[in-house]
Amino acid sequence: MKKKLQRSLAALVALTTAASMTFSTSFASYAEEIIDTAISETESVAEDNAITTASDDDEYFANMEVTPEECFDYDFKDDAIQIKGLVEDCDLTEIRIPDTISDYPVNAILKDAFYSTKITSIYIPDTVETIGNSAFCGCVNLKRVHIPTSLTLLGETAFTMSGIESVVLPEGLKKAGSESFAGCSNLKSAVLPSTLPKVSTLMFQDCPYLSEVVIPEGVTHILGSAFYNCYSLAEVNIPNTVVDISNSAFAYTGLKSVDIPDSVKEIGTAAFSNCAFMTSVKLPNGLKAIRPDVFANTGLENIVIPDSVAEINSGAFSFCQNIKSVELPDTLNDIRKQAFYGCSGLESVKLPAGLTTITDQLFYGCTSLKSIELPETVTKIGDYSFYGSGLETIKIPDSVANIGISSFSHCDNLASIKLGNGITTLNKWVFSDCKSLTDIDFGTSLSAIDNYTFAECDALKNVVIPDNITKINEYVFSGCNSLESVTLPDTLTSIGKQAFLNCPALKELSVPASVENMGSMSFGYEFNEEGSLIIAEDKTLAVTKDSAAHEYAKENNITAVDYDGNPIIDKKPVVYGDLDLNGVLSIVDIVYLNKSLAGAIVLNDEQNANADCFADGIIDPLDANALMNRISEQIKVLPVYPEVQE
């Protein structure tokens, strides 16, 4: 059974860890199945090993015989006995420590005294004030313990990984060391005293079946990971004397709801993270900050942020997939990155009126968030801030000067964008893979569009690039399958490589004369059915003759036309005398010329240009004579100008 339980625990930890890295909506159901399985296994064992009650223990210890003094190894200090453990030849498993040994009171159980022994029960007399570090650590068979009413100090790991089933710590206890009951896989209930100011670090960590905990008034601090991975702990009452709940204090527990009193001033990082069944929480009035990951990957359905909160730290509510709406107070001025990362159920958000920054990945993966109103005070939108969200439209206020990398990338429902007039540059991938995007208002101040900005926007058909734009960088519109027309401004000077790569519907592009550079494969290239990159045959560039765009068209064998749609024909260089157009002067060329003069053949435009050996616009027998003189090398060069002929 123990191996099965260990496998169940390992599976749960693996699930919760995975859930913090993915958008899985089935985490809670899987976790619940694991818990139910583990609990049923424990309950079946409990039929044979019933959990004892306090009254059972009282009766049991009342009838227990005192263990002989000679069974104990001990030190004598300050007129008192300090138990070091059992002597080697003592194999007793039921131990009752006497109040006195040799008439001296027993006042301490020392470090490692019963470490990993086979004892099943122990009565510690009410004379004992101290239980040392690891005193009963690893005593997996130890179920019954009488904790002395005189106890003031409980050492670190005192009962770690023991078999203890319930514990009532006495009034008067002032300190319990870290991990004092960690890993107690049979522990179901614990009662703490009002004299204990701090629930220590890791005190009940990995107690999977701890379901009842009493934290009385008087406790002021619940330290880091105090109840970490106590996944059977479904409810807890936090008294109004508590001022601090530290890092991961209740992480991976089974808490369903929690009411945090107004006395609490600090809630540490990940304090309630991965509580898959937690649906509601009341935050204390007066809380100043919500720390990183504090409610990450919980089942929260709603959250009210007190007006006192000035900052929400990174990942605070990440992967809370059941939260539907969030209203943030206007007093809030600092929301750190990933605060609502992966909140796939989030439908509406009211942002604080004075917010200045939408931080990195703030609403990443919020697939149900269809709209959001950005305050006029926002000046920056961070990287990946709305990546993969459900936004359908977005209006960027004029106050925004910078939009980060991939801010709105993969927003599959985003159809309309209105950019504010404060934006001068669109960064890489800002609107890439927005499959529904059809309408873009660029604003009036934009001057540059960076790499991949609108790549793979499949629904985009028409784009008018506004004046002031001087540069379109690499891959900006690559993969826009439906793009049919693009209007470029006269201010444009550069089109980056593959800017319009694989835009099959874009048959013609009019490039202004102002463009001084067209990067490689910036227009006209597509992928064929085999996935190879080819020059499409149906592409046309409207250009100014001899411009950079015209040169690009010639180099890439793309049809070039003027802005009225007329083909631009490049005249070939004249080779005087070469009438057969083979690049070599010979007697054949003289035959062609004489036949032409006799009317036997008709020369084409290129042949006529080459036949004019005097370059005077007249073709006559003098041209034939000049060609003969050139072939016989009586003259060195054609054409023959009049002064040369004379």
Side-chain angles (χ1 to χ4, degrees), residues 5 8-13 15-17 19 27-28 30-43 46 51 159-169 176 178-193 196 198-216 219 221-239 242 244-261 264 267-268 270-282 293-300:
L5 177 57
S8 297
L9 287 173
L12 178 67
V13 172
L15 279 170
T16 51
T17 302
F27 163 69
Y30 274 116
E32 187 169 13
E33 181 180 344
I34 293 291
I35 290 171
D36 288 344
T37 301
I39 289 176
S40 65
E41 289 174 353
T42 301
E43 287 175 346
I51 302 298
F159 289 94
T160 295
M161 292 185 291
S162 69
I164 192 169
E165 296 178 342
S166 65
V167 61
V168 178
L169 295 177
S178 63
E179 301 180 79
S180 45
F181 294 95
C184 292
S185 57
N186 295 324
L187 185 63
K188 281 198 167 185
S189 66
V191 178
L192 306 180
L196 185 68
K198 296 179 181 180
V199 182
S200 63
T201 303
L202 304 166
M203 188 170 181
F204 294 99
Q205 180 194 24
D206 292 325
C207 294
Y209 300 111
L210 180 62
S211 59
E212 297 179 21
V213 173
V214 176
I215 305 174
V219 174
H221 294 75
I222 301 175
L223 299 185
S225 301
F227 297 96
Y228 184 95
N229 207 30
C230 295
Y231 61 76
S232 295
L233 186 62
E235 58 181 298
V236 67
N237 179 48
I238 300 173
V242 172
D244 173 65
I245 300 173
S246 294
N247 298 354
S248 302
F250 291 95
Y252 289 97
T253 62
L255 289 176
K256 296 180 179 179
S257 65
V258 63
D259 186 339
I260 304 174
V264 173
I267 304 174
F272 295 92
S273 68
N274 294 285
C275 294
F277 309 110
M278 180 183 287
T279 59
S280 65
V281 62
K282 178 192 171 297
D293 302 318
V294 66
F295 294 104
N297 203 31
T298 63
L300 284 177

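FYI, the numbering just counts along the sequence from 1.
Between Val236 and Ile215 there is a side-chain heavy-atom pair separated by less than 4.5 Å. Counting heavy atoms from C-beta outward, Val167 and Phe181 have side chains that approach closer than 4.5 Å.
Thr160 contributes a side-chain N or O that, together with a main-chain N or O of Glu179, makes up a donor-acceptor pair within less than 3.5 Å. Looking only at distances, no side-chain donor or acceptor of Ser189 sits under 3.5 Å from a matching main-chain atom of Ser166. Distance alone, capped at 3.5 Å, places no donor-acceptor pair between the Ser232 side chain and the Leu210 backbone.
Applying the side-chain contact (heavy atoms from CB on, under 4.5 Å) rule to Gln205 yields the partners Ala182, Leu202, Tyr228; only residues at least two apart in sequence or on another chain are considered. Residues forming a side-chain contact (heavy atoms from CB on, under 4.5 Å) with Val214 (at least two apart in sequence, or on another chain): Val191. Pro216 pairs by the side-chain contact (heavy atoms from CB on, under 4.5 Å) definition with Leu192, Ser194, Val219, not counting sequence neighbours. Qualifying side-chain hydrogen bond (donor to acceptor under 3.5 Å, both in side chains) partners for Ser246, counting only residues two or more places apart in sequence or in other chains: Asp244. Residues forming a salt bridge (charged side-chain N to carboxylate O under 4.0 Å, His left out) with Lys256 (at least two apart in sequence, or on another chain): none.
Aromatic ring orientation, Phe227 versus Phe204: parallel (interplanar angle below 30°, classes split at 30° and 60°).
The two residues Val294 and Gly268 make their nearest non-hydrogen contact at CG2-O, 3.6 Å.
Separating the OG atom in Ser178 from the NZ atom in Lys198 is a distance of 12.5 Å, to the nearest 0.5 Å. The structure places CG of Asn229 at 4.5 Å from CG of Asp206, a figure rounded to the nearest 0.5 Å.
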